[in-house]
Amino acid sequence: MWRQAVLWLAVCVLGFGAGAVHQWQTGRIGVLGDYAYIVDTAWRIAQGEVMYRDFGLPHSPLTFHVQATLIRVFGFSYGVTAWYCTVVNVVYVLLTYGLVRVSVSGWSGVALCVPLVWLAPHCIYPHPFYDPDTCLLILLNLNLLQWVATRRVRAVVAFLGGVTTVLPALAKQNVGYPYVVLVVGVVVWWGWLRGRWAGGRGGEWSQEESKEEGTEELDVVGLRWFGAGVAAGVVGAVVWLGLTCGLGNYWRWVFASASRRLVGLVLIPEIYGNYESWALGGLMVLGWWLWQRKGEGARPSWVATASATLLLGPFVVMSTITWLCGGLFVVGYNHPLLSLWVPVMILTLVVGLWQLPSALSASQPVRVMLPWIAVILTFFSFLSQGHTKSSYGVWALFVLMVASVVRVRNDPWQLLICWIFAITLTLTAIPYVYRNIRLRYIDRRGKTLQTVTSGSFRGFTVHVPHLSNFFELLDFVTKYIPESEPVVCVPQEDPFYVMTGRRNPLPMVIFDRTATPFFPEDIVNEAERRQVKWVIVKRVLQIRHLAWEVEGIPEAFSEKYTTVARLSGYDILYRID
């Protein structure tokens, strides 16, 4: 008991470390457009508008509803959303460890969680977003599934645990829905079919058996109640969506519209077709194969050394490259850390296939399915924007893949391999986070930082001149635009509506080509129909690629609206009816 307490204490230190890194990160960088996308949408929901019915978004609703709830309870405050992200980081690390110790135990499990101090989602990306929320909910549900499958719990607890399975689907569709399908398959096989196929004892218990950690027995009854909860959660989600926004609207925006955002089939070879990644993956597979066989009979001592070298070589090399040639990776997304994803996925897939003959008859469903779940969900996550832009929220899956690979009980080499992995990956992650490689799409040409020092936006930090421009706009709006008159912001890169307390008059949130499948003329006509007289066009953008996202929209408004003021970063357009 004391040993487990010390291990959990160490993991808690790692979790609070991840939270501290996020707090440090909030004082270094902020993304106005991404933050506005979340909180302005949440502001609309908090004011009573309904997603997909009153306004469209190509994303699942949960993240926006969570932030709307925080706004209703605490009012709008950047500090509240920042602390929400900090808590997510801490819980993220704790839940990852809860699953890591299914595969490895002791200090090996603690070691695998060390890189998450820097790779927890909000260390890389400082604002609330659906990728981190989805992975957090997946980790939570897998922990509940492991608990129900290996311990005797009450039926109502197992049932409620099953209900949470649907939450990842409500957070991000391309990852959450495949996860629900995978869990349903696990529950059906281990809860109903496995006993008949293997001629096992089903869910009965002998008097000598207990539900302690490490027991190989399966609680079929609890698993069946968990499955009932999954079914109830799916039905409840369908009913809720049907009664609020309508299933047709939900399908139109979350699937039909969002499908344009997926990586095309022609780009998949660019993600997985790199021969260097396959070569590294092949070397790691060879190292794993040697490691599995080094304990069989009399083996030369070099076998253990060779296996460890092949397994850990890519991590050591990437760490060395990062520190010796770090300046080469300052621009763009080609950071050595990201090149580790595909080789580890290849290794995990081979390990899963190798163990497949015995997997279906095993009595630990979560332990057996972790490598498959991690690889499959990672693949679906990368369908959004590839591994360079989609991996920031799913590093826990990377850790779980490694844990599944090094799962060899009572092996003295396991601890050494886990700690070398932890140290090298952490050394590679620190420059990746410090240089904000993931956030290269924002403008950081300003030499100094600006931080809001008062008000509800206190603590938000960006490079000059974006905050000073934004507050100049807020002063203008306060002086010259009555609160009763609707205002349209193009491309709505700033949290304008939540800061001013106004309502967005258009049925869209941001002028992204996926989020707004309307032609510029349609947008102007809708603004006229809703009697919009004021239009704010932002000239100095922090997210530079929004310039082509809104191509044609400012020109369409300029044809019918007159420029009445020109601020440092904005043009103010007005139309006299």
Side-chain angles (χ1 to χ4, degrees), residues 32-33 35-37 39-57 76 253 257 465-577:
L32 283 167
Y35 183 71
Y37 185 47
V39 296
D40 269 348
T41 305
W43 173 250
R44 297 183 77 153
I45 296 172
Q47 300 306 306
E49 294 188 66
V50 178
M51 289 179 67
Y52 318 125
R53 187 194 70 185
D54 300 328
F55 62 95
L57 276 180
F76 168 68
W253 286 105
S257 179
H466 301 287
L467 281 180
S468 56
N469 289 353
F470 181 47
F471 279 91
E472 181 187 17
L473 171 67
L474 295 180
D475 290 340
F476 179 91
V477 171
T478 301
K479 292 179 181 178
Y480 299 109
I481 303 180
E483 293 185 7
S484 59
E485 296 191 11
V487 180
V488 166
C489 297
V490 179
Q492 197 180 332
E493 188 185 55
D494 309 299
F496 174 83
Y497 295 103
V498 71
M499 286 288 291
T500 60
R502 296 170 180 260
R503 289 205 176 194
N504 188 336
L506 296 181
M508 69 278 295
V509 177
I510 191 171
F511 296 96
D512 179 277
R513 292 181 185 272
T514 305
T516 310
F518 303 108
F519 293 106
E521 297 78 11
D522 299 329
I523 296 173
V524 174
N525 292 335
E526 182 66 19
E528 290 182 315
R529 190 181 71 83
R530 300 189 180 220
Q531 300 181 348
V532 174
K533 294 184 178 181
W534 296 91
V535 176
I536 299 171
V537 178
K538 187 172 185 179
R539 298 192 320 274
V540 182
L541 295 170
Q542 189 196 26
I543 301 180
R544 289 166 286 185
H545 69 260
L546 283 178
W548 65 266
E549 293 281 1
V550 299
E551 186 177 359
I553 297 178
E555 292 79 4
F557 274 110
S558 298
E559 291 179 0
K560 297 185 177 181
Y561 289 72
T562 302
T563 301
V564 296
R566 188 174 177 86
L567 307 182
S568 299
Y570 304 85
D571 291 333
I572 311 299
L573 280 61
Y574 181 73
R575 180 173 183 178
I576 301 176
D577 191 355

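- With hydrogens and angles ignored, the 3.5 Å screen pairs no side-chain donor or acceptor of Ser257 with any backbone N or O of Leu57.
- Side-chain atoms of Gln492 and Asn504 form a donor-acceptor pair, as typed in the model, at a separation below 3.5 Å.
- One N or O on the side chain of Glu493 and one on the backbone of Ile543 form a donor-acceptor pair closer than 3.5 Å.
- Using a 4.0 Å cut-off between a side-chain N of Lys or Arg and a carboxylate O of Asp or Glu, Glu485 and Lys533 do not qualify as a salt bridge.
- Using cut-offs of 30° and 60° on the angle between ring planes, the pair Tyr480 and Phe476 is tilted.
- Taking all atoms of both residues into account, the shortest heavy-atom contact from Gly552 to Pro520 is O-CB, 3.6 Å.
- A donor-acceptor pair is defined here as one N or O able to donate and one able to accept, closer than 3.5 Å; no such pair exists between the side chain of Glu49 and the backbone of Asp54.
- Side-chain atoms of Arg44 never come within 3.5 Å of backbone atoms of Met51 as a donor-acceptor pair (strictly under, hydrogens ignored).
- When the shell of 6.0 Å around CD of Glu555 is examined, it contains more than 12 heavy atoms from other residues, nucleotides or ligands.
- Ring planes of Tyr574 and Trp534: tilted class, angle from 30 to 60°.
- Between the side chain of Trp253 and the backbone N or O of Phe55 there is no donor-acceptor pair closer than 3.5 Å.
- Across all their heavy atoms, Val540 and Ser568 have their closest contact at CG2-O, 3.9 Å.
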